[in-house]
There are 2 protein chains.
Amino acid sequence: MTDTSPPNTRQKTGRARTGDAGSVRTLERGLNVLTSLAELGQASLTQVAKAAGLSASTTYRLLETLRQGGFVEWEERSGLFSVGVRAYQVGAAFAGRNTLMNAAQSEMISLVGDLGETANLAVLRENEAVYIHQVEGSQLVRMFAQLGAGTLLNCSGVGKVLLAWQGEEDVAGRLGAQPYAAFTPNSITTLPAYLKELAKVRSQGYALDDEEREIGVRCMATPLRDHTRQVVASLSISAPTSRFSREQVPAFYERMDAASRVISARLGWTP
Amino acid sequence: MTDTSPPNTRQKTGRARTGDAGSVRTLERGLNVLTSLAELGQASLTQVAKAAGLSASTTYRLLETLRQGGFVEWEERSGLFSVGVRAYQVGAAFAGRNTLMNAAQSEMISLVGDLGETANLAVLRENEAVYIHQVEGSQLVRMFAQLGAGTLLNCSGVGKVLLAWQGEEDVAGRLGAQPYAAFTPNSITTLPAYLKELAKVRSQGYALDDEEREIGVRCMATPLRDHTRQVVASLSISAPTSRFSREQVPAFYERMDAASRVISARLGWTP
DNA sequence: TCCCTAGTTTGCGTACAATGAAAATCAAGT
DNA sequence: ACTTGATTTTCATTGTACGCAAACTAGGGA
């Protein structure tokens with residue numbers, strides 16, 4: 001979960017390697033193929049090759065190897081590739097061992113029980129927030145977030161929380177080029193506005209996504225910290241505005257803050 | 001989901017490649033490292049190297065590459081590796097696209113609603129049955145199956161179902177050397193006994209795991225078929241013997257059979 | 001029916017990437 | 001400090017992954 005400083009970031013000699021330092025190119029490419037395929041969902045050889053930026057023959061051999069390992073499936077009928085069971089198994093290993101998910105599980109359930117809305121757990125990964133766990137609310141309205149999916153950092157509550165306690169240069173780097181993509185008129189699209197918002201998040205202790213990602217959906221996110229006191233994840237509740245008004249914000253926060261504290265404590269956090 | 005005949009199983013020239021044909025060794029090794037790590041859960045470099053059967057330096061570079069890609073995480077404090085978020089994301093892509101899971105979801109929920117016990121969905125992968133989906137029962141007793149985990153084929157209901165309509169040589173191959181591992185005195189440990197059991201499964205249309213894996217747990221599994229009429233997955237219900245007696249078998253079967261037929265139909269199966 | 005086109009698969013020679021051995025660091029015990 | 005064990009880096013060598021191009025497929029269109 002830490003994943004902070006790579007063992008060998010420092011490049012003693014200024015020698016410019018192909019990509020990053022100490023990497024095995026072939027594996028890098030293979031993982032790229034797998035990731036591309038995951039994003040495409042289902043694709044032909046050439047589509048994957050194009051997405052991964054590799055030649056057809058190379059892609060063919062990599063896909064074939066992935067297939068033999070069960071990480072990729074190949075439907076004979078259509079000739080299309082898709083992600084295989086083995087990938088799912090490995091991913092499940094992450095979920096099983098993950099201390100974060102285990103620490104959060106019971107609190108999330110009780111939170112959902114009290115508020116009736118869907119709770120999500122997200123972590124920061126490169127330049128997106130990834131939802132790694134979800135407990136669905138009792139309500140019938142299906143919430144947007146797809147498990148395992150990445151979300152843009154500029155227009156989600158969890159994104160704000162995950163960046164709020166990071167350095168400004170880091171924040172800017174992760175957000176990329178302005179103006180940021182907007183989903184609704186409320187989306188924040190510039191760095192200054194975003195930094196200002198982060199300051200607000202820090203002072204109030206929670207972030208709000210006020211129909212910034214989807215009209216009619218409000219969302220509150222709180223930080224989870226571990227023994228290092230760093231924010232390692234974000235807990236969030238999403239609900240249609242009809243059931244989550246501005247007036248309810250304090251009440252929601254009180255409940256979410258309590259849950260966050262319990263989870264953080266389980267992760268070794270001390271106030 | 002099909003994954004039947006590899007594009008190039010036929011070896012024209014008898015040229016013996018290192019392992020299988022047309023594989024990229026480095027990627028193969030990298031995936032091996034990832035899989036080994038997934039099984040170990042959390043491990044040091046040397047442990048992974050040993051598990052994957054590679055030299056320390058090679059393993060180091062592969063792990064480092066996997067880490068850069070987010071497939072592996074490295075906890076600075078302990079220096080241990082574990083599976084990373086990216087692997088989870090890719091696995092989630094499998095779950096999302098998977099027609100099988102989508103087809104089964106609603107029926108599994110209704111099944112659990114009616115029977116009150118945990119339902120599982122499993123597919124065949126190499127020589128194990130992999131649980132890919134689960135809907136937990138309302139009862140408080142936690143069932144054994146871990147999502148994404150593989151189960152031995154000889155002592156589980158889903159294993160029997162998944163093999164029952166396969167050729168005998170295939171069955172024997174997947175089960176490996178006799179005697180098979182036994183978990184309880186009821187476990188089937190020899191091929192003849194297992195084949196006889198499979199015949200029974202074929203004639204009655206369901207398989208029973210009668211405390212063969214764990215004393216006190218009974219389990220019923222039924223086949224799911226797709227448009228090819230092949231068995232592509234197995235649905236199962238597990239319950240403590242106290243709530244699932246032999247007398248209840250016919251009643252359970254009636255309900256499960258109905259669910260199986262609905263799911264199979266969604267997969268394009270025609271009677 | 002037979003091309004024609006776009007996609008997939010295989011052969012082959014070469015460049016260079018991945019490798020293991022061993023050296024260099026690093027981290028803890030004793 | 002000394003020893004032991006694990007991790008990281010260097011380095012020369014080999015064999016592997018690569019791209020090109022050729023051989024195959026397969027699905028339309030005319």
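By convention in this document, chain letters (A, B, ...) are assigned in the order of the sequence lines, proteins followed by strands, and residues within each chain are numbered from 1. Every heavy atom of this structure was used, including side-chain atoms; hydrogens, water molecules and symmetry mates were not.
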Practice problem: Would you give the length of the straight line joining atom OG1 of B:Thr35 to atom CD of A:Gln89, rounded to the nearest 0.5 angstrom? | Solution: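 Separation between the atoms: 8.5 Å.
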
Mind calculating the distance between [atom1] ([X]) and [atom2] ([N]) to the nearest angstrom?
{"X": "B:Asn32", "N": "C:dA18", "atom1": "CG", "atom2": "P", "answer": "17 Å"}
{"X": "A:Glu28", "N": "D:dC18", "atom1": "CD", "atom2": "P", "answer": "12 Å"}
{"X": "A:Leu63", "N": "C:dG7", "atom1": "CG", "atom2": "P", "answer": "16 Å"}
{"X": "A:Arg77", "N": "D:dA26", "atom1": "CZ", "atom2": "C1'", "answer": "16 Å"}
{"X": "B:Leu27", "N": "D:dA17", "atom1": "CG", "atom2": "C1'", "answer": "11 Å"}
{"X": "B:Arg25", "N": "D:dT14", "atom1": "CZ", "atom2": "P", "answer": "14 Å"}

Once salt bridge (charged side-chain N to carboxylate O under 4.0 Å, His left out) is applied, do any residues pair with [X], and if so which ones, sequence neighbours excluded?
{"X": "B:Arg266", "value": "none"}
{"X": "B:Arg174", "value": "B:Asp170"}
{"X": "A:Arg261", "value": "A:Asp257"}

Quiz item: Ignoring hydrogens and angles, are the base of D:dC20 and the side chain of A:Ser57 linked by a donor-acceptor pair under 3.5 Å?
Solution: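 Such a pair exists between side chain and base.
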
Could you pull out the protein-nucleic contacts involving nucleotides 5-7 of chain D (nitrogen or oxygen on both sides, under 3.5 Å)?
{"residue": "D:dT7", "atom": "OP1", "partner": "B:Leu45", "partner atom": "N", "Å": "3.3"}
{"residue": "D:dT7", "atom": "OP2", "partner": "B:Thr46", "partner atom": "N", "Å": "3.0"}
{"residue": "D:dT7", "atom": "OP2", "partner": "B:Thr46", "partner atom": "OG1", "Å": "2.5"}

Self-check item: B:Leu267: side-chain contact (heavy atoms from CB on, under 4.5 Å) partners, not counting sequence neighbours
Solution: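 side-chain contact (heavy atoms from CB on, under 4.5 Å) list for B:Leu267, sorted by chain: B:Leu100, B:Ala103, B:Asp226, B:Val232, B:Ile263.
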
Quiz item: Hey, is the side chain of A:Arg61 poking within less than 4.0 Å of OP1 or OP2 on C:dT9, counting only N and O atoms?
Solution: no

Self-check item: Short side-chain N/O contact to C:dA18 OP1/OP2 from A:Thr26, under 4.0 Å
Solution: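 Yes, because at least one side-chain N or O of A:Thr26 sits under 4.0 Å from OP1 or OP2 of C:dA18.
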
Quiz item: What residues, two or more places apart in sequence or in another chain, satisfy ring pair (Phe, Tyr, Trp, His ring centres under 6.0 Å) together with A:Phe71?
Solution: none

